[in-house]
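Chain naming here is simple, since letters A, B, ... match the order of the sequence lines and numbering starts at 1 in each.
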Number of protein chains: 2
Amino acid sequence: MNHEIGIVDVAKAAGVSIATVSNVINGKGRVSGETRRKVERIIAELGYTPNLPARHLKTNRSDLIGVVVPTMQPGRLQDNPFYWDLLAGVEEGARDGRYHVILTGIDEERETLAFVKERRLDGLIVVGAGEGSPLVPRVAALGVPAVFIDSYLRSPELNQVVLDDRSGAHAATAHLIGLGHRRIALLTGDMPPEQLPYFGVLYERLLGYRDALEEAGLPYEGDLLLRLPTSLEGGFEAARHVAALPDVTAAFAFSDVMAMGLVKGLREQGKRVPHDYSVVGFDNLFVSEYTAPALTTVSQDILAKGRVAVRMLLGQIDGVGDPARRIVLPAELIVRETTGPAGAANARNN
Amino acid sequence: MNHEIGIVDVAKAAGVSIATVSNVINGKGRVSGETRRKVERIIAELGYTPNLPARHLKTNRSDLIGVVVPTMQPGRLQDNPFYWDLLAGVEEGARDGRYHVILTGIDEERETLAFVKERRLDGLIVVGAGEGSPLVPRVAALGVPAVFIDSYLRSPELNQVVLDDRSGAHAATAHLIGLGHRRIALLTGDMPPEQLPYFGVLYERLLGYRDALEEAGLPYEGDLLLRLPTSLEGGFEAARHVAALPDVTAAFAFSDVMAMGLVKGLREQGKRVPHDYSVVGFDNLFVSEYTAPALTTVSQDILAKGRVAVRMLLGQIDGVGDPARRIVLPAELIVRETTGPAGAANARNN
DNA sequence: CCAATCGGATAAAACGTTTTATCACCAGTA
DNA sequence: TACTGGTGATAAAACGTTTTATCCGATTGG
């Protein structure tokens, strides 16, 4: 007799049909104020809670949106405490729309994405799948509303939200140039150059760097690009190379973790920051303000990124919202203590 | 005619009953090798994928496990890049068991947890709900398998996985004592003392600190406890108080972020670490190795925490596994550069 | 006064599975 | 021969919703 109470029990107790109860729950068909109130009272009394799987079977939906992140995708800033904020933004937005978020890390090569169809996911948010990623066509083929974060995909059919990486990198580089630096090393990450466009985020930052050089009439020199992993260790190792490059007085790292590794590495070489070298990072991690010295960096509002993406996705799901577009979020340069005027070291040396 | 193909289509195409198809899918009833192969072939040919909501309706399950985290719970180290690793561990473990993870941040006071029943979640992982939290009885009342992470709940009925905070704190304190420090400031967080036991993690660390003092025959002095927020800012502010405490030569912070704030604050006061003050943190964040100086801290394997928790939960769901227990994971002291012998400053001053 | 409209409610048919009870068949055994 | 037991397969009854088509007044319009 320990039977979960369902819509039929409510109907019976209220003396109405189950269709009416359903209508009350979903606020759909026509039902008089009086019966509505009665049904609602009964629902509360009985403590009825709907059986969502049943509803989902009938409606062919799931009220679930999937967030897909790469588990170990090379070239991503995988060690960053980056995803959490993003996820927090998504989750918050989804919950307002009575959706829930289902998270899954995927293996680029193998993953079949079958669960999307199986579970009848209502939408998908894909993080960090670049232009060349096999994931992109696979997701598109699913026929499910989707939005890509940090992807810079060329197809105008796809919904995207990205940071204005190019402007951010431009601002960072221009800041260094304004301080008198002429040769600025670049820590780009270690993917092969011909693949760089596939990692759109990094490519855009490279473009921003070039923009700023060009604007200042400075040459873009290939030997200033350091291809090392986008990690603390990579940045640390980069210090050796930076120190060996003649006339280089500044470095721009494409992530804060790299920048932190670099600062540490430079110090171990006996170099001081910003006295001997200026350093700029990218991301503005919450710790970047508290490193010593505090890191000059490009800030992005990751939480907002998540919020914007989910809002866009829900719009797609509900059929409202523009057919497809790319939303670009602003990047902001935050000047702290790792950057200073060029020539300080030279002045001392002379 | 654009009809999603279901189990009936497979059955028709294979010339068998739907029951048989169901059996081969689930590997349940008896079905001959021959027909099994035939059905499997048809399934592949037709590209059939099961409709999970339908299955879930029938089986009254969801193959979903929920992860519940506090959104803004006071006293938690909310800014830490902590949750992501935990979640990664959980997700990995769940996926092996064909479960998926549904994430939700909850508002302690308001949240009704209704979605657990509505969606027929198979299990719940609750993070950081202390002994006094209203969440705990609510989860227990749900009657769903659950495991609590970082909770230190007294009830032996509840499944828990925690770090060995007490031993970790003991090791940290003993390390400082071994270096000759006699008065060690403690950055505990800012919850009122009488509520401290509710934040089990912090309380255990306090106990570990006391253990070490007692072992060394040192007094436990209440005025060494600094009640400031468990954040970078809190640690930063603590520096003023630490500097004002007579004869204090070391500090133990209950999180790395606090420790980092403290180091920064001390430096702004003109104090050097570890020359004037030794500092120990807790957590071993991935950045802690790269701060300057590198942080001495207590390390915990957060990924493993997630993995262990989900394994425990799946055991509960499947009915195997011990009825209920508390798993304690080891903590390890990592000595880096923020700790050094006491008396260095005194020696200089004299 | 008849037809048309409308508000309120309902019966019953799905939705795509799993599962229980049953069946047909055959081989061995009494 | 009749019975038992096992193997392979199936028909049909759920599971708890949503939704479509229908119905029954009562009101309105001509």
- request: Using the salt bridge (charged side-chain N to carboxylate O under 4.0 Å, His left out) rule, collect all pairs that involve residues 32-57 of chain A, keeping only residues at least two apart or in two chains.
  value: A:Arg41-A:Glu45
query: Should B:Asp63 and A:Phe115 count as side-chain neighbours, where that means a heavy-atom distance under 4.5 Å?
result: no
message: For B:Trp84 and A:Leu87: C-alpha separation, side-chain torsions, deciding distance, then whether side chain to side chain contact (heavy atoms under 4.5 Å, CB included) applies.
response: CA-CA 9 Å; B:Trp84 180 259; A:Leu87 206 53; 3.7 Å; yes
message: Could you tell me how far apart A:Ile7 (CD1) and C:dA12 (C1') are, to the nearest whole angstrom?
response: 14 Å
- prompt: Could you walk me through whether B:Val147 and B:Gln316 pass the side chain to side chain contact (heavy atoms under 4.5 Å, CB included) check?
  reply: CA-CA 9 Å; B:Val147 14; B:Gln316 294 286 323; 5.9 Å; no
Euclidean distance, atom CZ of residue A:Arg30 to atom P of C:dG7 [Å, nearest integer]: 5 Å
message: Rounded to whole Å, please give me the gap between CZ in B:Arg119 and P in D:dG16.
response: 18 Å
query: How close or far is atom P of C:dT17 from atom CZ of B:Arg120, stated in whole angstroms?
result: 20 Å
Pick out the pairs of N or O atoms, protein on one side and nucleotides 19-25 of chain D on the other, that lie under 3.5 Å.
none

query: Does a donor on one side chain and an acceptor on the other come within less than 3.5 Å for B:Arg120 and B:His56?
result: no
task: Rounded off to whole Å, could you give me the CD-to-C1' distance for the B:Glu118 and D:dT17 pair?
output: 13 Å
field: A:Asp63 CG to D:dT18 P, straight-line distance once rounded to whole Å
entry: 11 Å
message: With side chain to side chain contact (heavy atoms under 4.5 Å, CB included) as the test, pick out the partner of B:Lys305 among B:Val310, B:Val161, B:Val162.
response: B:Val161
query: Taking for each residue the nucleotide of DNA chain D bearing the nearest heavy atom, is the 5' side occupied by A:Gly6 or by B:Val31?
result: B:Val31
- line: Tightest non-hydrogen contact, residues A:Arg325 and A:Met312, listed as O-CE, 3.0 Å
message: Give me the atom names and distance for the closest heavy-atom approach of A:Val139 to A:Ala146.
response: CG1-CB, 3.8 Å
- request: Using a cut-off of strictly less than 4.0 Å between a heavy atom of the residue and any atom of DNA chain C, enumerate the qualifying residues of residues 32-42 of chain A by number.
  value: A:Ser32, A:Thr35
query: Going by heavy atoms in the side chains, are A:Val101 and B:Thr104 under 4.5 Å from each other?
result: no
- prompt: Rounded to the nearest Å, what distance is computed from the NE2 atom of residue B:His56 to the P atom of nucleotide C:dT18?
  reply: 10 Å
statement: When rounded to whole Å, the CG to C1' distance for the pair B:Asn51 and D:dC15 reads 13 Å
- request: Would you indicate which nucleotide in D:dA11, C:dG16, C:dT17 comes nearest to any side-chain atom of A:Leu57?
  value: C:dG16
